[in-house]
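Note sheet for the following structure.
Since the structure is predicted, the reported quantities are computational estimates derived from the model, not experimental observations.
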Amino acid sequence: MTHTVSREIRLNNRPEGMPQQNDFELAEVQLPEISEGEVLVQNIYMSVDPYMRGRMYDRKSYIAPFQLGMALEGSAVGRVIESRKGPFQVGDFVLGMQGWREYFVSDGQGLNKVDPGLAPIQSYLGTLGMPGLTAYSGLLYIGKPKAGETVFVSGAAGAVGSMVCQIAKLKGCRVVASAGTDEKISWLLDEAGVDAAFNYKTAEDVIAKVGQLCSKGVDVYFDNVGGVHLEAALEHMNTYGRIVSCGMISMYNATEPVPGPTNLAYMIGKQLTMQGFIVTDHFDKKQQFYSDMGKWIAEGKIKWKETVVNGIENAPKAFIGLFKGENFGKMIVRIGPDPEN
């Protein structure tokens, strides 16, 4: 066996409020020799995502909570470095949910081969991964935008939001975006091609700003943030508008109950639809997603940003950074050598 020791990140404590470095532990494990029909994978890039914060609570949810003293799990793309008649060959790149560790042994269950020729392998954690599919399925199948409508996107410079903005533009919509730095606003305007964008951290009144930039109202609101952004959208939604509830990162680390929108009554008079969703319920759309996204990427119509943090030991720092707005686009952690060109 090529490698017998792997470092991994374990959950040390269940965070209260904003996660801290001491809520995580870096540990070493001895890997077993691979058996017939198995492969050894070296992870190269792993993903950190806001939804993981919910798994750190010990409560029932749509996905099982992380266990104390056990390695965390998340999307990762790696390379097969040893195979004993396993389902993949040495050199294959595979995507799975075995992140937060450097190496792992697998019988192939839950792993999918990825094509580095379509896009860089780390993009399978973002643009061509679950964030991309989340944007694609949430916008098109729940938001159901029509050409000429106005789509408002919060958290628009993140992995999901940036894809929502560009797909909405490709569908002929007017797109208004919010993000938390002037650099992100410039990228959204100049690269992602949104029609208008604002920095919510420097805006005096987010609700008024949305009204100013969405002078004809909002037809689809893609919500990644919650809080005042949701109130702003409700205030300016058009009749029969659709609210896609993807995430509410503004309240993930709250230690006290967060007040709901004060203007929720607009749901009635404006006859609005508001629907939450989980991307795993939309895996049946993967083939269409890959087809459409592959075409758009080949045509140069999709742009993306990545924030790369180096080293498995820095994965907790990268994760915590999500809640401080430190990521520009997809936040990923490089934990192995870059693939050969």
N199 (side chain) donor-acceptor with I185 (main chain) under 3.5 angstrom: no
Any K144 side-chain heavy atom under 4.5 Å of T273 side chain: no
Salt bridge present between E149 and R242 (N-O < 4.0 angstrom): yes
Neighbour count >12 (heavy atoms, 6.0 Å) for atom CE, M18: yes
Residues R174, D195: salt bridge by 4.0 Å N-O rule: no
Hydrophobic cluster identity match, V244 and L140, side-chain contacts under 4.5 Å: yes
Ring pair (Phe, Tyr, Trp, His ring centres under 6.0 Å) against Y221, all qualifying residues, sequence neighbours excluded: F152
Side-chain touch F66/M52, heavy atoms, less than 4.5 angstrom: yes
Step-by-step side-chain contact (heavy atoms from CB on, under 4.5 Å) determination, F222 to V160: CA-CA 10 Å; F222 198 101; V160 174; 3.7 Å; yes
Within 6.0 Å of CD in E183, more than 12 heavy atoms from elsewhere: no
K317 NZ: over 12 foreign heavy atoms closer than 6.0 Å: no
Test item: R53 side-chain N/O and P15 main-chain N/O as donor-acceptor pair under 3.5 Å: yes
ILVMFWY cluster, V153 and W296 together (side-chain gap under 4.5 Å): yes
Modelled atom types, side-chain donor and acceptor of K216 and T150, under 3.5 Å: no
Side-chain heavy atoms of K330 within contact of D49, under 4.5 Å: yes
Enclosure of Q21 CD (heavy-atom neighbours >12, cutoff 6.0 Å): yes
Cation-pi geometry met for K286 and F283 (6.0 Å, 45°): yes
Joint cluster assignment, F104 & L26, ILVMFWY side-chain distance < 4.5 Å: no
Nearest heavy-atom neighbours spanning A179 and A157: CB-CB, 4.1 Å
Test: E82 and R84 ion pair at under 4.0 Å: no
4.5 Å side-chain heavy-atom contact, K169 and K301: no
Within one Ile-Leu-Val-Met-Phe-Trp-Tyr cluster: L72 and M70, side-chain cutoff 4.5 Å: no
N/O donor-acceptor pair under 3.5 Å between Q166 side chain and K303 backbone: yes
4.5 Å side-chain heavy-atom contact, W100 and E8: no
Cluster check I302, L125: I/L/V/M/F/W/Y, side chain < 4.5 angstrom: yes
Contact summary for F24 and M56, nearest pair of heavy atoms: CE2-CE, 3.7 Å
Side-chain touch V41/F88, heavy atoms, less than 4.5 angstrom: no
Shortest non-hydrogen contact from N43 toward A76: OD1-CB, 3.6 Å
Shortest non-hydrogen contact between V94 and V80, atoms and distance: CG1-CG2, 4.2 Å
Contact summary for P50 and L322, nearest pair of heavy atoms: N-CD1, 3.7 Å
Closest non-hydrogen atom pair, G155 against N224: O-ND2, 4.0 Å
Side-chain touch V218/V176, heavy atoms, less than 4.5 angstrom: no
Any R101 side-chain heavy atom under 4.5 Å of I335 side chain: no
Criterion side chain to side chain contact (heavy atoms under 4.5 Å, CB included) against V151, the qualifying member of C165, C173, C214: C173
Expected output: side-chain T307 to main-chain N327 donor-acceptor under 3.5 Å: no
side-chain contact (heavy atoms from CB on, under 4.5 Å) evaluation trace for F93 with Y124: CA-CA 11 Å; F93 294 101; Y124 286 90; over 6 Å; no
Flag if over 12 foreign heavy atoms under 6.0 Å of CD, E256: no
Flag, side chain of H236 to backbone of I207, donor-acceptor distance under 3.5 Å: yes
Exam field: side chain D223 to backbone V225, donor-acceptor pair closer than 3.5 Å: yes
Aromatic Y136 / basic K285 pairing, under 6.0 angstrom, 45° off normal: no
Inter-residue atom distance I121.CD1 - L128.CG, 0.5 Å rounding: 12.5 Å
